[in-house]
Amino acid sequence: MPELPEVETTVRGLAKVIDGRRIARVEMRREDLRRAFPPDLGQRLTGARVTGLGRRAKYGLIHTDRGDTLVFHLGMSGHWRVDPAELGQHDHLLIVTDEGRQVALNDARRFGSVDLVCSDELPQWPAFRALGPEPTGELTGAWLKQKFTGRKASVKAMLMDQRIIAGLGNIYACEALYRARIDPRKVAGKVSRAKLEALAEAIPAVLGEAIAAGGSTLRDFVSPDGELGYFAKEFAVYGREGHPCGCGGTVTRIVQGARSTFFCLKCQT
DNA sequence: AGATATTCCTGGAGGC
DNA sequence: TGCCTCCAGGAATATC
């Protein structure tokens with residue numbers, strides 16, 4: 001399941017193939033993912049030159065010299081394949097460069113999305129307008145303090161709120177809370193300032209380590225089978241229900257907001 | 001304000 | 001082996 005590190009790794013891998021290239025051909029192999037593809041997607045992209053790639057929250061951005069930005073979301077099963085030997089049932093969007101390289105957006109469960117947005121209007125694009133700061137670099141304990149003060153929801157729920165932090169998903173919310181030794185059930189407004197400082201450090205740390213691991217695992221950001229963004233992940237608590245924690249406690253699973261939360265009952269307080 | 005439910009979708013896991 | 005059920009996930013939206 002792609003989270004921010006996988007999106008970042010994907011964007012870096014895509015950039016190596018398509019950045020600076022002219023788009024020679026676009027093939028929409030179905031009409032929609034979660035939403036319909038922009039009907040004029042092929043027309044607006046074909047012939048355009050890719051001027052750069054980026055990421056906002058868990059969205060990947062492909063900028064073109066026509067003032068458009070292709071915005072993609074990987075949902076839970078989406079990934080790009082580089083120079084696939086052949087196209088399969090779940091390769092929904094194909095982009096071919098002027099060099100003849102191919103990248104295909106593959107998404108079996110079709111939770112992903114593809115939109116084309118005027119680059120100048122990206123900050124005002126509905127999905128981006130209310131987003132909080134990026135969790136990699138812009139986050140401070142003071143910001144968390146300001147946002148959490150007076151809030152009675154759990155700190156885990158707050159971390160999942162994209163208006164407070166953009167792009168932090170279930171896995172890395174769990175991992176960051178573990179790293180900062182915070183009980184995910186704790187009322188957000190009651191987390192100590194010291195813990196918030198630790199959290200503001202833990203969040204970019206766990207994400208940064210995952211991105212670094214992805215880059216090294218995939219070597220050059222492309223796996224041997226041409227897939228971008230999926231790599232072996234080693235989590236401290238996520239998916240490790242029943243496993244021992246280093247403190248002598250046991251990793252426990254609970255459900256918060258219909259999402260699994262994994263944490264150590266003993267050392268997260 | 002905040003919790004909960006629903007929708008989208010299907011591969012994979014587990015049960016029998 | 002083969003059916004069946006259920007779960008996973010992010011975001012938008014609705015309802016309490």
Side-chain angles (χ1 to χ4, degrees), chain A residues 1-11 29-37 55-61 71-81 88-93 105-115 117 122 124-132 134-135 144 146-177 184-191 203 206-207 210 225 227 229-233 235 237-242 251-263:
Chain A
M1 51 216 86
E3 285 212 23
L4 186 150
E6 287 81 4
V7 179
E8 181 67 33
T9 306
T10 292
V11 164
R29 306 185 74 243
R30 60 174 298 130
E31 296 178 353
D32 63 336
L33 291 178
R34 287 188 62 203
R35 301 189 292 273
F37 285 142
R55 179 191 58 73
R56 177 74 173 116
K58 278 171 277 194
Y59 293 86
L61 310 174
V71 183
F72 65 85
H73 195 292
L74 296 175
M76 72 173 293
S77 60
H79 58 279
W80 287 86
R81 304 171 67 213
Q89 180 188 359
H90 301 302
D91 290 310
H92 306 308
L93 176 68
L105 177 60
N106 182 292
D107 186 359
R109 299 186 196 179
R110 304 209 303 275
F111 255 43
S113 62
V114 171
D115 293 282
V117 182
L122 275 174
Q124 298 310 315
W125 190 52
F128 286 1
R129 200 168 42 214
L131 286 178
E134 283 291 318
L144 294 178
Q146 179 198 329
K147 288 297 173 184
F148 287 5
T149 296
R151 299 294 296 267
K152 295 192 172 91
S154 71
V155 59
K156 166 82 181 313
M158 291 285 108
L159 291 186
M160 301 283 286
D161 186 335
Q162 302 296 298
R163 295 168 296 187
I164 293 175
I165 305 171
L168 194 63
N170 196 40
I171 295 172
Y172 293 98
C174 290
E175 294 294 306
L177 286 167
R185 301 167 297 183
K186 198 169 179 75
V187 169
K190 292 190 174 178
V191 179
I203 291 167
V206 295
L207 292 171
D225 55 5
E227 300 200 352
Y230 280 65
F231 42 88
K233 299 174 280 280
F235 301 126
V237 286
Y238 186 83
R240 294 178 58 79
E241 181 179 16
V251 177
T252 302
R253 185 181 86 96
I254 60 171
V255 175
Q256 293 179 290
R259 292 281 180 274
S260 288
T261 298
F262 296 89
F263 70 112

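Being a predicted model, the structure only gives us computed values, none of them experimental. Every chain is numbered from 1 and lettered A, B, ... according to where its sequence line falls, protein lines coming before strand lines.
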side-chain N/O A:Q162 vs C:dG10 OP1/OP2, d < 4.0 Å
no

Between C:dA11 atom P and A:R129 atom CZ, what is the distance in whole Å?
16 Å

With sequence neighbours excluded, what pairs up with A:E8 under the salt bridge (charged side-chain N to carboxylate O under 4.0 Å, His left out) test?
A:R12, A:R55

Evaluate the criterion salt bridge (Lys or Arg N to Asp or Glu O under 4.0 Å) for residue pair A:R35 and A:D115; output intermediate values, then yes/no.
CA-CA 9 Å; A:R35 301 189 292 273; A:D115 293 282; 2.3 Å; yes

In whole Å, I'd like the distance from the CG atom of A:D107 to the C1' atom of C:dA11.
14 Å

Collect all protein-nucleotide pairs involving nucleotides 12-16 of chain C in which both atoms are nitrogen or oxygen and the distance is under 3.5 Å.
none

What are the two closest heavy atoms between A:M158 and A:A188, and how far apart are they?
CG-CB, 3.4 Å

Heavy-atom closest pair (A:V7 atom, A:K58 atom, distance to 0.1 Å) is CG2-O, 3.5 Å

Let me see the working for A:L159 and A:F148 under side chain to side chain contact (heavy atoms under 4.5 Å, CB included), right down to the final yes or no.
CA-CA 10 Å; A:L159 291 186; A:F148 287 5; 4.1 Å; yes

Option passing side-chain contact (heavy atoms from CB on, under 4.5 Å) with A:C174 (candidates A:K156, A:R253, A:R240)
A:K156

Aromatic contact between A:F262 and A:F235, with the criterion being ring centroids under 6.0 Å apart: yes or no?
no

Just by distance, do the side chain of A:E134 and the backbone of A:A57 share a donor-acceptor pair under 3.5 Å?
yes

Quantify the bending of the helix from B:dG2-C:dC16 to B:dC16-C:dG2 as the angle between its end axes, each fitted on five pairs, to 10°.
60°

A:R185 side chain to A:S154 side chain, donor-acceptor N/O pair below 3.5 angstrom:
no

Atom pairs under 3.5 Å: protein N/O with N/O of nucleotides 2-4 of chain B:
residue : atom : partner : partner atom : Å
B:dG2   : OP1  : A:K152  : N            : 2.3
B:dG2   : OP1  : A:A153  : N            : 3.4
B:dG2   : OP2  : A:R151  : NE           : 2.2
B:dG2   : OP2  : A:R151  : NH2          : 2.7

Can you name the nearest heavy-atom pair linking A:G78 to A:P2, along with the distance?
O-CG, 3.8 Å

Atom CG of A:L131 and atom P of C:dA11: how far apart are they, to the nearest Å?
8 Å

Minimum heavy-atom separation for A:A176 and A:I203, please, with both atom names.
CB-CG1, 3.6 Å

Under 4.0 Å from OP1 or OP2 of C:dA11: is there any side-chain N or O of A:H73 that close?
yes

Does a side-chain N-to-carboxylate-O contact under 4.0 Å join A:D91 and A:R29?
no

Under the ring-ring contact (aromatic ring centres under 6.0 Å, His included) test, which residues partner A:F111, sequence neighbours left out?
none

If the cut-off is 4.0 Å, is A:H90 near the phosphate of B:dG11, judged by side-chain N/O to OP1 or OP2?
yes

Let me know the distance between NE2 of A:H79 and C1' of B:dT10, rounded to the nearest Å.
14 Å

Nearest whole Å is fine: how far is C:dA11 C1' from A:L74 CG?
14 Å

More than 12 heavy atoms of other residues, nucleotides or ligands under 6.0 Å from CZ of A:R163: yes or no?
no

Collect all protein-nucleotide pairs involving nucleotides 5-8 of chain C in which both atoms are nitrogen or oxygen and the distance is under 3.5 Å.
residue : atom : partner : partner atom : Å
C:dA8   : OP1  : A:R253  : NH1          : 3.4
C:dA8   : OP1  : A:S260  : OG           : 3.4
C:dA8   : N3   : A:R109  : NH1          : 3.0

Whole-Å distance between B:dC9 P and A:N106 CG?
17 Å

